[in-house]
Amino acid sequence: MEIIVKSSDDAVAALCPVAESEGIATVFDRYKAQQPQCGFGSLGLCCRICWKGPCRVDPFGDGPSEGICGANRDTIVARNVARMMAAGAAAHSEHGRHIALAMQRVGKGELPAYQIRDPKKLTAIAERLQIDTKDKSVLQLAHDVATKTLEDYQNQDHHKGCHWISASVPKKRLDRLAKLGVLPHNIDATVAQIMARTHIGCDAEPGNVFLGGIKGALADFNGMSLATELSDAMFGTPAPVVTEANIGVIDRQSVNIAVNGHNPLLSEVICDVSREMNQAAIDAGAPGGINIVGICCTGNEVMMRHGVPLATNYLSQEMAILTGALDAMVVDVQCIMPSLPQIGDCFHTEVITTMADNKMQGARHVDFCEDNATATARKVIQFAIDAYGRRDANKINIPDIKRTAVVGFSAEAVMDALAQVDAVDPLKPLLDHIVTGNIQGIALFAGCNNTQSVQDESYQKIAKTLAANNVLLLATGCGAGAFAKNGLMNQQATELYAGEGLKAVLTAVGEAAGLNGPLPLVLHMGSCVDNSRAITLATALANRLNVDLSDLPLVASAPEAMSEKAVAIASWSVGLGIPTHLGTMPHVTGSQVVTELMTEGTKDLFGGYYLVETDPDLAGEKLVEVIRNKRLGLGI
Ligand code: NFS
């Protein structure tokens with residue numbers, strides 16, 4: 001059998017043969033088994049929203065041009081993509097709601113496992129949300145912040161935008177969105193409205209459906225903004241920390257526990273409890289004690305806040321088990337491969353689900369809620385320690401591949417670093433360098449891994465092109481994982497790949513911030529919900545220049561966008577006015593109307609647009625060109 005490795009990650013190349021010799025199918029094999037993939041679905045032309053269907057519209061015009069109900073290609077494609085935005089918004093916003101409800105209870109003193117670790121940030125949030133902070137204790141303020149945040153899930157007044165988006169983007173942008181009728185007033189209502197209007201026999205006008213989707217995407221932005229900010233208040237605002245990334249962070253001598261998923265509520269407590277149970281692991285025969293490693297965005301969360309090393313990103317999550325030295329993988333929500341328990345069965349690895357509404361066939365389930373957080377953490381760690389005793393030494397194969405990564409660049413951390421250069425006006429050095437051209441612009445890399453691409457490859461190629469052209473690089477989610485694993489989040493990468501202007505700035509700021517060298521080439525801003533951090537920074541710049549986000553030399557890139565969440569993020573990015581590159585062909589090209597609306601029509605509506613380019617070399621050049629034109633627009 002031919003081994004398929006669609007990855008540029010050496011660790012994946014090293015571990016795929018293990019899967020083959022054990023007779024285990026990985027994501028790469030399953031990808032192959034799906035070929036050729038359905039052409040109708042790839043074009044967005046398959047409609048499954050009622051039981052008269054499925055209906056398929058012929059892309060070449062020889063067969064049916066309408067579904068049985070009469071919906072044409074444009075309606076079908078628009079409904080499909082809008083529903084993806086709604087699902088993405090639901091996922092992020094559930095995560096946000098979970099955090100907000102927990103914080104409300106922390107405020108009432110009901111959850112002893114949690115604290116407000118960053119009261120300064122809590123106060124800053126309260127002020128942003130126009131909550132009176134006077135004479136309030138930290139817990140009272142936490143309660144009030146959470147309660148006001150939860151209004152974004154409850155408000156029924158259509159004329160009032162959600163609190164969080166209103167407090168997070170420039171006024172000019174809010175006015176533009178309000179005029180277009182796409183400013184969300186309530187996250188839940190907006191998601192429900194997309195589901196309602198795309199039900200059989202409802203909204204059939206493709207542009208109208210699409211705008212409804214954008215409103216849902218902006219609700220997604222709202223949900224992720226509040227998730228990020230409240231998490232910072234509860235768990236701490238990330239600051240620069242040196243750590244490592246890639247599969248070699250799994251340690252033969254330790255009880256290895258991977259935390260995988262997205263929501264920090266459990267993983268934070270696991271980090272706390274692991275310290276207290278370290279001796280138990282040593283007593284069980286593991287001289288290294290407990291070694292927590294991260295995968296996907298839970299990995300990013302604990303990496304940013306605690307320097308926990310990142311084992312891998314989405315597409316290679318199965319590889320962690322194939323090392324034969326992973327004792328437990330503890331998962332919460334989102335982007336978790338349902339194949340994990342089956343692979344765990346081939347080794348000694350405990351795959352443990354923890355959320356009542358995110359279970360997997362074949363996994364052990366330990367139910368987590370905030371009330372039993374510490375007990376749950378103890379229980380899963382004990383399962384890992386027990387599993388360590390069942391390891392088969394002959395099956396251990398940990399490729400010695402890991403790279404240094406300097407991570408933890410929250411918006412606050414970036415401002416703190418800049419404040420070392422100009423304490424009175426921290427934004428000034430950044431603005432000055434943008435004006436002089438030492439920094440040509442800013443690019444945010446976001447999104448997933450996708451089997452349609454060679455894993456991590458496009459990220460690296462595009463980043464190197466942009467860096468050579470003096471573009472400041474930010475990254476989140478599995479994009480950040482791609483850079484961290486492959487050595488682009490360290491100081492050497494800055495020396496190697498940054499253009500002269502960019503290198504000078506990163507060096508000056510890094511030296512001033514006490515890093516004994518430059519900032520890393522790509523700044524790790526966090527998990528996917530932390531894309532909101534980049535908007536915090538961009539909004540500060542736009543407000544300072546008294547321009548809109550769409551005027552800034554700012555681009556976003558999702559070279560391997562995959563999930564519904566990524567569709568939502570790319571869409572709010574466009575809605576906020578940012579030219580947004582997609583390296584994956586979106587499932588919309590069956591409709592010329594929708595395709596043109598997304599790539600051209602959005603320019604007039606929002607200033608942002610979807611820039612689709614699957615070739616990473618061309619994508620890099622095109623993004624440089626977009627930045628150049630934005631600079632001309634600003635007269636710099
Ligand atoms: Ni974002 Fe994070 Fe990764 Fe994509 Fe999934 S883990 S939330 S959706 S795959 S970046």
Side-chain angles (χ1 to χ4, degrees), residues 6-7 9 12 27 31 84-96 98-99 217 220-221 223-225 227-228 231 245 258-265 267 293-304 310-320 329-340 355 358 407 444-453 455-456 458-459 474-485 522 524-534 556-573 580-584 586:
K6 281 193 81 181
S7 177
D9 180 343
V12 177
V27 67
Y31 167 76
M84 290 189 82
M85 297 182 210
H92 283 137
S93 302
E94 272 309 294
H95 172 164
H98 200 164
I99 304 272
D220 178 82
F221 171 73
M224 65 167 62
S225 298
T228 297
S231 294
V259 288
N260 182 6
H262 284 77
N263 190 328
L265 278 168
S267 52
V293 299
I295 297 180
C296 291
C297 283
T298 291
N300 285 321
E301 296 274 352
V302 289
M303 189 190 206
M304 290 276 283
L310 187 78
T312 198
N313 53 353
Y314 170 76
L315 207 57
S316 35
Q317 58 187 274
E318 296 167 314
M319 302 296 144
M329 190 180 303
V330 186
V331 307
D332 49 69
V333 295
Q334 302 167 14
C335 303
I336 298 150
M337 288 186 183
S339 58
L340 295 173
M355 300 288 168
N358 283 261
V407 305
L444 167 65
F445 285 92
C448 325
N449 285 147
N450 191 326
T451 36
Q452 306 289 353
S453 319
Q455 185 190 15
D456 300 344
S458 301
Y459 283 107
L474 315 174
T476 59
C478 288
F483 293 125
K485 283 189 312 174
V522 187
H524 193 323
M525 284 209 129
S527 63
C528 248
V529 295
D530 295 339
N531 280 309
S532 53
R533 298 190 196 279
S557 174
E560 297 187 50
M562 170 275 293
S563 67
E564 290 159 321
K565 291 180 294 171
V567 176
I569 293 169
S571 301
W572 65 244
S573 178
T580 302
H581 165 243
L582 296 177
T584 308

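Start at 1 and go down the list; that is how both ligands and their atoms are numbered. Predicted model only: the values in this text are computed from it and were never measured.
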*Is there a donor-acceptor pair under 3.5 Å between the side chain of Q317 and the backbone N or O of I336?*
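Not confirmed, Q317 side chain does not pair with I336 backbone.
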_Tell me if a side-chain donor or acceptor on Q334 pairs with a main-chain N or O of A91 at a distance below 3.5 Å._
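Yes, Q334 side chain to A91 backbone: donor-acceptor pair under 3.5 Å.
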*Can you tell me if N313 and D456 form a side-chain donor-acceptor pair at under 3.5 Å?*
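A pair is found: one side chain offers a donor N or O, the other an acceptor, under 3.5 Å apart.
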*Protein N, O or S atoms lying under 2.8 Å from atom 5 (Fe) of ligand 1, listed by chain and number*: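 N, O, S partners closer than 2.8 Å: C335 SG.
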_Interatomic spacing from CE in M304 to CG in D530 - rounded to 0.5 Å_ =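 So the gap between those two atoms works out to 6.0 Å.
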_Set of residues satisfying ring pair (Phe, Tyr, Trp, His ring centres under 6.0 Å) with respect to F445, sequence neighbours excluded_ =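 For F445 the ring pair (Phe, Tyr, Trp, His ring centres under 6.0 Å) partners, ignoring immediate neighbours, are F483.
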*Measure across V529 and T228 and return the closest heavy-atom pair with its distance rounded to 0.1 Å.*
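Nearest heavy atoms, V529 then T228: O-OG1, 2.9 Å.
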*asked:* Which residue and atom name correspond to the protein heavy atom nearest atom 10 (S) of ligand 1, and how close is it?
replied: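 Checking every protein heavy atom, the shortest distance to atom 10 (S) of ligand 1 gives G447 O, 3.1 Å.
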